[in-house]
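Both ligands and their constituent atoms are indexed starting at 1 by order of listing. The chain is numbered in sequence order, starting from 1.
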Amino acid sequence: MIPYGRQDITQDDIDAVVKVLQSDFLTQGPEVPRFEQSLAGLVGARHAVAVNSATSALHIACLALGLGEGDWLWTTPITFVASANCGLYCGAKVDFVDIDPRSYNICPVALERKLKAAEESGNLPKVVVAVHLCGQPCDLEAIHALSRRYGFKLIEDASHAVGGKYRDEYIGNCRYSDVTIFSFHPVKIITTAEGGMALTNDDQLAASMDRLRSHGITRDAGAMTHAPDGPWYYQQIGLGFNYRMTELQAALGSAQLARLDKYVAARHALADRYNSLLASLPLTLPWQHPDSYSGMHLYVIRLKLEKIKSSHLQVFESLRRQGIGVNLHYIPVHTQPYYQRHSPASGALPEAEAYYAEAISLPLFATMTHAQQDEVVAALTSALHQ
Ligand SMILES: *Cc1c(COP(=O)(O)O)cnc(C)c1O
């Protein structure tokens, strides 16, 4: 089976992890701050807080932004459930904004319409999570302008977009947002096995997220209620978690980060090749915003169902039968039973549902060969003509 995504582990990665195993620190040593500083430095953010997953990063970002009971978090329905669950973790309510039919990202026009209505009914969101689906940056300038006008905080869920750029600047610099989140799950662009990071330019948010990842504890005398009792002293000044990243993960992350640009370039070359090989098939191919450089995490095609005899399910099953590990990113979150029971969408989301009825993610990973890609194209051609 050709998987839809997979990691690339080199001898450098293995050496970096082994070196940590032989060192004094398996956790809370020098590797985590080194990884944080390298990534923050690369993308141009002031602070980075490494954690054990992007899900944890979303959680502590929401808490640091003050999201709580009675508040609203809005996001796109076409995302992994984690982008919405972080709101529920904080006791907030979650609602969804429909996607743009071309980029598949949260639609700024739909967002503005919904904000206007929410202002009238006094239900404005405290936090909006904008997801850079497939690695393609959202319309950050438009969403940022709305955040100023309507007073919400903006989190970029850039789980798909590390290495991507918006107007020639790396995603993660938080020029338009309060916090940006990355994921280092093995299917993503670079990996730490499990892992994530929250980046921000705000000193207080960074300090708050730093405490939240480690039990709400501070060792900063300035943040304590009284002077330290002695050199052993720390204070718990909030309620946090153990969301820390290990030294092994951070060393792997730093080794992977050295190849980030190469990985994203390889993904672009493969995507360009898909674009030309698939051009004559009855498909809508991914649209690329001219102002941005996608992280190219996923290559999503949409079937032109009116032009083919098979159903979406039949094409998908045929591809799997032929050994192609296709996937579907994502099942609209508002259709999940948990959301239908606990936080149902307040309005119709027709673009998200139309997307779900047609979308298929083709295999794409940095080390994919042309032969593997040709195999995918042949299988898809046969699936569409059956
Ligand atoms: C993978 C992913 C997450 C969660 O990442 P983890 O590191 O596995 O917690 C969140 N949001 C999106 C959009 C993702 O793709």
Side-chain angles (χ1 to χ4, degrees), residues 3-7 32 35-36 39 48-63 73-90 94 96-97 99 103-106 127-138 140 154-164 171-172 177 179-199 209 212-213 241-246 249-250 252-253 256-257 264 267 294-300 327-334 336 339 352 355-356 359 361 364-365:
Y4 88 83
R6 65 157 294 143
Q7 71 277 13
V32 166
F35 181 40
E36 289 171 339
L39 193 41
V49 178
V51 285
N52 57 2
S53 72
T55 303
S56 301
L58 285 162
H59 186 193
I60 62 173
C62 286
L63 287 173
L73 175 146
W74 290 3
T75 189
T76 165
I78 300 299
T79 185
F80 186 53
V81 291
S83 317
N85 286 348
C86 54
L88 300 183
Y89 295 160
C90 299
V94 171
F96 300 93
V97 180
I99 60 168
S103 68
Y104 315 146
N105 282 328
I106 193 168
V127 170
V128 170
V129 178
V131 180
H132 303 312
L133 192 77
C134 305
Q136 165 138 266
C138 292
L140 284 170
L154 182 59
I155 297 176
E156 295 172 63
D157 181 343
S159 294
H160 299 183
V162 62
I171 287 291
S177 64
V179 181
T180 301
I181 299 302
F182 290 134
S183 171
F184 310 122
H185 183 279
V187 298
K188 308 290 163 75
I189 293 167
I190 57 171
T191 191
T192 61
E194 295 281 0
M197 206 177 277
L199 296 99
M209 293 192 294
L212 284 162
R213 79 170 149 182
F241 311 90
N242 179 352
Y243 282 170
R244 292 187 304 261
M245 175 180 276
T246 68
Q249 291 168 302
L252 178 55
Q256 292 257 317
L257 186 59
V264 177
R267 288 172 172 276
S294 174
M296 205 55 85
H297 169 52
L298 298 173
Y299 188 89
V300 173
N327 221 310
L328 209 175
H329 299 92
Y330 289 94
I331 305 156
V333 178
H334 68 283
Q336 295 289 358
Y339 276 88
Y355 167 92
Y356 178 58
S361 306
L364 180 67
F365 44 95

I need the atoms of ligand 1 closer than 4.0 Å to a non-hydrogen atom of G195, numbered in the order shown. 7 (O)
Mind checking whether A54 has an N or O less than 3.5 Å away from an N or O of ligand 1? yes
Sub-4.5 Å side-chain heavy-atom contact between L133 and Y355: yes
S83 vs T76 side-chain heavy atoms within contact, under 4.5 Å: no
Can a non-hydrogen atom of K188 be found less than 4.0 Å from any atom of ligand 1? yes
Against heavy atoms of H160, which atoms of ligand 1 measure under 4.0 Å? 13 (C), 14 (C), 15 (O)
Ligand 1 atoms nearer than 4.0 angstrom to some heavy atom of T79 are 13 (C)
Between E156 and S177, does any side-chain donor sit less than 3.5 Å from a side-chain acceptor? yes
Do T55 and N85 come close enough that some side-chain heavy atom pair is under 4.5 Å? no
Check: of S56, P186, S183, min heavy-atom distance to atom 7 (O) of ligand 1 comes from S183
Answer yes or no: is there a side-chain heavy-atom contact under 4.5 Å between F184 and L252? no
In a check of side-chain contact (heavy atoms from CB on, under 4.5 Å) between V51 and each of L212, I60, V32, which one passes? I60
Run down the list I181, I78, D157 and name the one with the heavy atom closest to atom 11 (N) of ligand 1. D157
Contact (N/O only, under 3.5 Å) between T55 and ligand 1: yes
For residues R213 and S56, determine if any side-chain heavy atom of one lies less than 4.5 Å from a side-chain heavy atom of the other. no
Within the 4.0 Å heavy-atom shell around S83, which atoms of ligand 1 are there? 11 (N)
So, is E194 polar-close to ligand 1, with some N/O to N/O distance under 3.5 Å? no
Using a 4.0 Å heavy-atom cut-off, say whether F182 meets ligand 1 through its side chain, its backbone, both or neither. neither
Residue pair H334 / V94, side-chain heavy-atom distance below 4.5 Å: no
